[in-house]
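In the text below, chain A, chain B and the rest are named by the order of the sequence lines, each starting its count at 1. What you see is a predicted model; the values in this text were computed from it and never measured.
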There are 2 protein chains.
Amino acid sequence: MKGDRTRAAILERAVDIASLEGLEGLTIGRLADDLGMSKSGLFAHFGSKEELQLAALETAKERFIDNVVRPAIKAERGYPRLIGFCRGWLDYVTEQVFPGGCFFAAASFEFDGRPGPVRDAVAGAMDDWMATLEKAVRMAQEAGHLDPGIEPAQLAFEMNSIFFGANFACQLRGDRKAVSRAWTALLQRLEGLRTKPTSSPRARPARRGTRPAPRRARPASGTRRRS
Amino acid sequence: MKGDRTRAAILERAVDIASLEGLEGLTIGRLADDLGMSKSGLFAHFGSKEELQLAALETAKERFIDNVVRPAIKAERGYPRLIGFCRGWLDYVTEQVFPGGCFFAAASFEFDGRPGPVRDAVAGAMDDWMATLEKAVRMAQEAGHLDPGIEPAQLAFEMNSIFFGANFACQLRGDRKAVSRAWTALLQRLEGLRTKPTSSPRARPARRGTRPAPRRARPASGTRRRS
DNA sequence: CCTACCGATCGGTAGG
DNA sequence: CCTACCGATCGGTAGG
């Protein structure tokens, strides 16, 4: 009970630090100091640094799902949900769900050259994410909203590239237009692949919308900080 | 003389390690061991770890310019040079010019949450790179090859996003289609922005080419490894 | 460029 | 969850 709450508080802090300083740069001593507990007391919850890193990854996945995936899948299948993933992801960097930007972008580039279980877990998390995007593309095709000729993995690659590119422009370059550039790129591509409704026999309506209105700000995800 | 050669050898090794394990994960002791010299002997060349990191960044910039920028600017200004930058960058990851993938992508995501002189230098290097891409776009517009309506910074953002996305797919996910997906995305976007030649009064020729033929492999950049 | 050393911190352990 | 400790390694220094 108590132990579980402590463990959860440790991990919430751990992912925040890791998003700023890296999952390898995360040290047990620093984390313990930060939480006002002894190093060995904290250590006892995990047994090794590697287990701490793997547990932090799980915690980051939950935070990501709560802040990106769940909001996105509230939109109906097809084109709206595809836009929902874009909005979910771009809101997620804007709102600094992780203080150092996307935890997974950072971890992906940090571990791509370091073999081991942590790298494998990071790669697995990204496989899941890419599969989620691909599935959303496939559903949009099945709903007749999107050009059936585009390969889902191709479009998922492009969407994720723009997401990571927005994170880069935002976090390193401090480009305040980063998110708007990402929207421009995503909509240019997605609108170009959108199939025009054939049900209406009348002349094509003008393409719908230009940039989706920003969703009302989510309240910084309620359960996110406890420590 | 001798000292300069030693210093250069240290730095070539340093950027290789940093591309794999990060610029912060690079340690003086490990680097010295690796080169068969004493820690303090190596240290004397730089005076601090930070100076070593900054020097490694300069070395990485040179390697990047030799392998990406110089080949690209051999192509004539305008659309061909834009394609040259794409080919240069994608060849650069394919050929593993840095063993851990793009040094600058890794450094960008590693340092975006760590304030200090190294972060500033990484950001400066990326500013230079983005400015180089923007200039290439602007020249393509001035040459009448590219839609004058596209903002150079927007297109540079999109191109760089695809580059980083290819590095991610290639290095972390081991996706062997990464480079081909990147080509597909880049050409889809660039061809769409290409202005059709107006000089010929005849019907539009079919869009030229689909995917540029791979350039003959460059001989892994000659002066790259010495130690 | 070396040997020899510094205090601080690393991940991890013993024992309670 | 703690104190007290381990060997190894960190960045860095003294002196040659």
Side-chain angles (χ1 to χ4, degrees), chain A residues 1-18 20-57 59 107 110-111 114-119 121-122 226-227, chain B residues 1-18 20-57 59 107 110-111 114-119 121-122 226-227:
Chain A
M1 292 277 103
K2 173 87 178 308
D4 285 359
R5 253 184 298 122
T6 302
R7 189 186 144 101
I10 292 169
L11 289 171
E12 292 297 326
R13 190 88 192 96
V15 299
D16 283 348
I17 294 176
L20 287 161
E21 307 185 2
L23 206 40
E24 195 64 38
L26 182 68
T27 70
I28 295 165
R30 150 102 206 258
L31 184 54
D33 258 26
D34 225 84
L35 291 159
M37 64 190 294
S38 73
K39 218 177 67 168
S40 64
L42 188 152
F43 187 83
H45 282 277
F46 305 98
S48 73
K49 181 176 183 179
E50 189 172 284
E51 287 301 324
L52 167 63
Q53 292 173 314
L54 294 170
L57 228 168
T59 301
E110 183 179 8
F111 279 90
R114 299 174 173 256
V118 179
R119 180 221 154 92
V122 172
R226 179 119 343 157
S227 91
Chain B
M1 292 276 102
K2 173 88 179 307
D4 286 359
R5 254 184 296 121
T6 303
R7 190 186 143 100
I10 293 169
L11 288 171
E12 293 296 327
R13 190 89 191 95
V15 299
D16 282 348
I17 294 176
L20 287 161
E21 307 187 0
L23 206 38
E24 195 65 37
L26 182 68
T27 71
I28 296 167
R30 149 104 206 256
L31 184 54
D33 258 26
D34 225 85
L35 291 158
M37 63 189 294
S38 73
K39 219 177 65 169
S40 65
L42 187 151
F43 187 84
H45 282 278
F46 305 99
S48 73
K49 181 176 182 178
E50 189 172 285
E51 287 301 322
L52 168 63
Q53 292 173 314
L54 294 170
L57 229 168
T59 301
E110 184 179 7
F111 279 90
R114 299 175 173 256
V118 179
R119 182 222 153 92
V122 172
R226 177 120 344 157
S227 88

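- Note: CG (D33(B)) to P (dG11(D)) measures 12 Å, nearest angstrom.
- The residue L52(B) sits apart from the nucleic acid: no heavy atom pair falls under 4.0 Å.
- Relative to the side chain of F43(A), the nucleotides dC1(C), dG12(C), dG12(D) differ in distance, and dG12(C) lies closest.
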Is there a side chain to side chain contact (heavy atoms under 4.5 Å, CB included) between F46(B) and I28(B)? Walk through the geometry before answering. CA-CA 10 Å; F46(B) 305 99; I28(B) 296 167; over 6 Å; no
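- Contact annotation: T6(A) reaches the phosphate of dC1(D) (side-chain N/O to OP1 or OP2, under 4.0 Å).
- The CZ atom of F46(B) sits 13 Å away from the P atom of dG12(D) (whole-angstrom rounding).
- Here the straight-line distance linking atom CG of L42(A) with atom CG of L35(A) works out to 6.5 Å at 0.5 Å rounding.
- As a whole-Å value, the separation of K49(B) NZ from dA8(C) P is 19 Å.
- Figure legend. dT9(D) is base-paired to dA8(C); pairs are counted as Watson-Crick or G-U wobble with both atom distances under 3.5 Å.
- Rounded to whole Å, atom P of dG12(C) lies 10 Å from atom NZ of K39(A).
- Side-chain contact between V122(A) and R119(A) is absent, with no heavy-atom pair separated by less than 4.5 Å.
- Atom CG of L42(A) and atom P of dC10(C) are 12 Å apart (whole Å).
- Atom CD1 of I28(A) and atom C1' of dA8(C) are 17 Å apart (whole Å).
- Look at T27(A) and you'll find a side-chain N or O under 4.0 angstrom from OP1 or OP2 of dC10(C).
- The two residues R114(B) and E21(A) make their nearest non-hydrogen contact at NH2-O, 2.8 Å.
- Searching all strands for a Watson-Crick or G-U wobble partner of dC2(D) with both distances below 3.5 Å returns dG15(C).
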* Could you go through the side chain to side chain contact (heavy atoms under 4.5 Å, CB included) check for V15(B) and L23(B) one step at a time? => CA-CA 8 Å; V15(B) 299; L23(B) 206 38; over 6 Å; no
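- Atom CD of E21(A) is separated from atom P of dC10(C) by 11 Å (rounded to the nearest Å).
- In this structure, L26(A) reaches the sugar-phosphate backbone alone: every heavy-atom distance under 4.0 Å involves primed, P, OP1 or OP2 atoms, never a base.
- Rounded to whole Å, the distance from CD on E51(B) to P on dG11(D) is 15 Å.
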